[in-house]
Amino acid sequence: MHKFLDTPVKHYSSGMYMRLAFSVAAHLDSEIMIVDEVLAVGDAEFQKKCLGKIKEITKDGTRTVLFVSHNMSAVSALCKRSIFLNKGMVEYDGMTRVAIERYIKHTDKPSIKHE
């Protein structure tokens with residue numbers, strides 16, 4: 001990472017932008033942190049570090065993380081409570097296990113295409 005310290009941000013890849021943004025946000029002392037699909041970019045090592053940092057941030061109960069993701073493994077590992085949204089509407093708000101079951105059941109349905 002040290003080799004990138006002198007590199008202008010305009011030369012960063014999308015993955016590097018994501019790493020930088022997450023690093024800055026994770027070290028701010030805010031009450032609420034919104035993480036939207038941060039794990040969709042980056043390698044497995046970066047994803048593991050992000051998950052670890054999110055767990056660390058929330059363990060004392062003084063900070064809230066709003067974690068938005070389609071990665072059900074990450075949602076299951078991080079969240080006690082989940083909200084399943086469908087077309088902008090709340091389908092379910094409650095236990096993560098149930099939210100994931102409903103999400104998977106919904107995504108297994110064949111979609112109806114209008115021509």
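Rounding to the nearest 0.5 Å places CD1 of I57 at 9.5 Å from CG of L28. Here the CD atom belonging to Q47 is positioned 7.0 Å from the CG atom belonging to N71, to the nearest 0.5 angstrom.
Evaluation of the ring pair (Phe, Tyr, Trp, His ring centres under 6.0 Å) rule for F84 yields Y103, H106 as partners, not counting sequence neighbours. Checked against salt bridge (Lys or Arg N to Asp or Glu O under 4.0 Å), E31 has no partners two or more places apart in sequence or in another chain.
Looking only at distances, no side-chain donor or acceptor of S69 sits under 3.5 Å from a matching main-chain atom of V75.
Pairs engaging residues 84-102 under the salt bridge (charged side-chain N to carboxylate O under 4.0 Å, His left out) rule: R81-D93, R97-E101 [sequence neighbours left out].
In this structure, the side chains of L85 and V90 come closer than 4.5 Å at one or more pairs of heavy atoms.
Between K55 and L78, the closest heavy-atom pair is CG-CD2, 3.6 Å. Looking at every heavy atom in both residues, S76 comes nearest to T96 through CA-CG2, 4.1 Å.
By the criterion of side-chain heavy atoms lying less than 4.5 angstrom apart, applied directly or through intervening Ile, Leu, Val, Met, Phe, Trp or Tyr residues, M72 is not grouped with I83; the two fall into different hydrophobic clusters.
The local environment of NZ in K49 is sparse, with at most 12 non-hydrogen atoms from other residues, nucleotides or ligands closer than 6.0 Å.
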- Stepwise, does the salt bridge (Lys or Arg N to Asp or Glu O under 4.0 Å) test hold for E45 with K48? CA-CA 5 Å; E45 183 180 336; K48 185 177 177 182; over 6 Å; no
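Each of I34, T58, D36, I54 was scored for a side-chain contact (heavy atoms from CB on, under 4.5 Å) with F67, with one residue passing: I54.
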